[in-house]
Participant: 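Here it is, the structure, as structure tokens.
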Amino acid sequence: LLVQRWYFRTPDVPVVHNSFFENNMGGFKDQADCTKRIEEAVKALLAANEQAASPRKHLVLFGYSRGATTMLYSALKLAPHLAQHISLVVLEAPFDTFEGVLKDSTWFPNASMTLFKS
């Protein structure tokens, strides 16, 4: 994190959002939270660009696994005034369906699916 901030010369700009205490399923709440974090990052980027000699920095969005699916849906729904600041969206190992997540991450996927359907 410190190396990223030094390399990109953004000492006060948050470069990562990670929450170990929340479970991301790629739902609407997760997408709304992701969009809110992107909005915060764009605001921080614009503030940093105002102080920079050559303000041509853009954001790179990255999502992994369930976060990749959340990032994909959030990036697709971004308002144009936010999307213009995104240079790249990197998705690593996104899942395709909620059922796929349960199948790969629980010992009893059928029982888990029954709980979520009821």
Side-chain angles (χ1 to χ4, degrees):
L1 185 62
L2 292 175
V3 173
Q4 288 174 337
R5 289 182 176 184
W6 169 81
Y7 180 78
F8 293 109
R9 292 173 183 79
T10 55
D12 298 326
V13 177
V15 294
V16 65
H17 170 70
N18 198 353
S19 178
F20 295 105
F21 302 106
E22 295 178 12
N23 195 4
N24 183 335
M25 289 295 183
F28 294 124
K29 179 187 174 302
D30 299 317
Q31 293 171 35
D33 185 50
C34 183
T35 301
K36 178 182 171 189
R37 302 298 179 188
I38 293 170
E39 288 173 354
E40 292 171 359
V42 167
K43 285 180 188 175
L45 178 73
L46 293 174
N49 278 347
E50 287 179 7
Q51 300 173 359
S54 58
R56 298 193 301 178
K57 293 184 170 85
H58 292 272
L59 296 174
V60 174
L61 305 179
F62 174 80
Y64 174 75
S65 188
R66 291 178 248 180
T69 302
T70 302
M71 186 63 69
L72 173 65
Y73 288 128
S74 299
L76 288 173
K77 297 175 185 178
L78 281 178
H81 74 279
L82 296 173
Q84 70 182 358
H85 299 287
I86 309 300
S87 292
L88 180 67
V89 179
V90 179
L91 306 173
E92 185 175 343
F95 71 90
D96 57 349
T97 63
F98 183 70
E99 290 85 0
V101 171
L102 289 178
K103 180 181 165 209
D104 293 336
S105 62
T106 63
W107 289 351
F108 305 105
N110 292 337
S112 299
M113 197 63 206
T114 301
L115 291 173
F116 281 104
K117 286 184 177 180
S118 59

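Sequential numbering from 1 along the given sequence is applied to the chain's residues.
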Participant: Taking D33 first and then K29, would you say they form a salt bridge - that is, a charged N and a carboxylate O separated by under 4.0 Å?
Facilitator: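 No salt bridge links D33 with K29.
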Participant: What pair of heavy atoms forms the shortest contact from H58 to L45, and how long is it?
Facilitator: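 That closest heavy-atom pairing would be CA-CD2, 4.1 Å.
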Participant: Kindly give the cluster partners of F108, where membership spreads through any ILVMFWY side chain lying under 4.5 Å from a current member.
Facilitator: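 Besides F108, the hydrophobic cluster comprises W107, listed by chain and residue number.
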Participant: Which pair of non-hydrogen atoms, one from M71 and one from G63, has the smallest distance, and what is that distance?
Facilitator: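 Smallest interatomic distance, heavy atoms only, reads CB-CA, 4.3 Å.
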Participant: Would you find more than 12 non-hydrogen atoms of other residues, nucleotides or ligands less than 6.0 Å from F62 atom CZ?
Facilitator: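 Above 12, so yes.
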Participant: Scan L91, I38, L88, L72 and name whichever one has a side chain to side chain contact (heavy atoms under 4.5 Å, CB included) with L61.
Facilitator: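 So the option named by the test is I38.
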Participant: Does one hydrophobic cluster hold both V60 and L82, with members joined at side-chain heavy-atom distances below 4.5 Å?
Facilitator: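 They do not share one cluster, since no chain of ILVMFWY contacts under 4.5 Å joins V60 to L82.
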Participant: Go through the structure and list residues passing side chain to side chain contact (heavy atoms under 4.5 Å, CB included) with T35, not counting sequence neighbours.
Facilitator: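 By the side chain to side chain contact (heavy atoms under 4.5 Å, CB included) rule, T35 matches E39, S74, L78.
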Participant: In terms of hydrophobic clustering (I, L, V, M, F, W, Y; side-chain heavy atoms under 4.5 Å; direct or indirect links), are V89 and Y64 co-clustered?
Facilitator: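 They do not share one cluster, since no chain of ILVMFWY contacts under 4.5 Å joins V89 to Y64.
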Participant: Quick one: side chain to side chain donor-acceptor pair (under 3.5 Å) partners of K36, sequence neighbours excluded?
Facilitator: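 Side chain to side chain donor-acceptor pair (under 3.5 Å) list for K36, sorted by chain: empty.
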Participant: With a 4.5 Å limit on heavy-atom distance, are the side chains of V42 and H81 in contact?
Facilitator: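 V42 does not reach H81 side chain to side chain.
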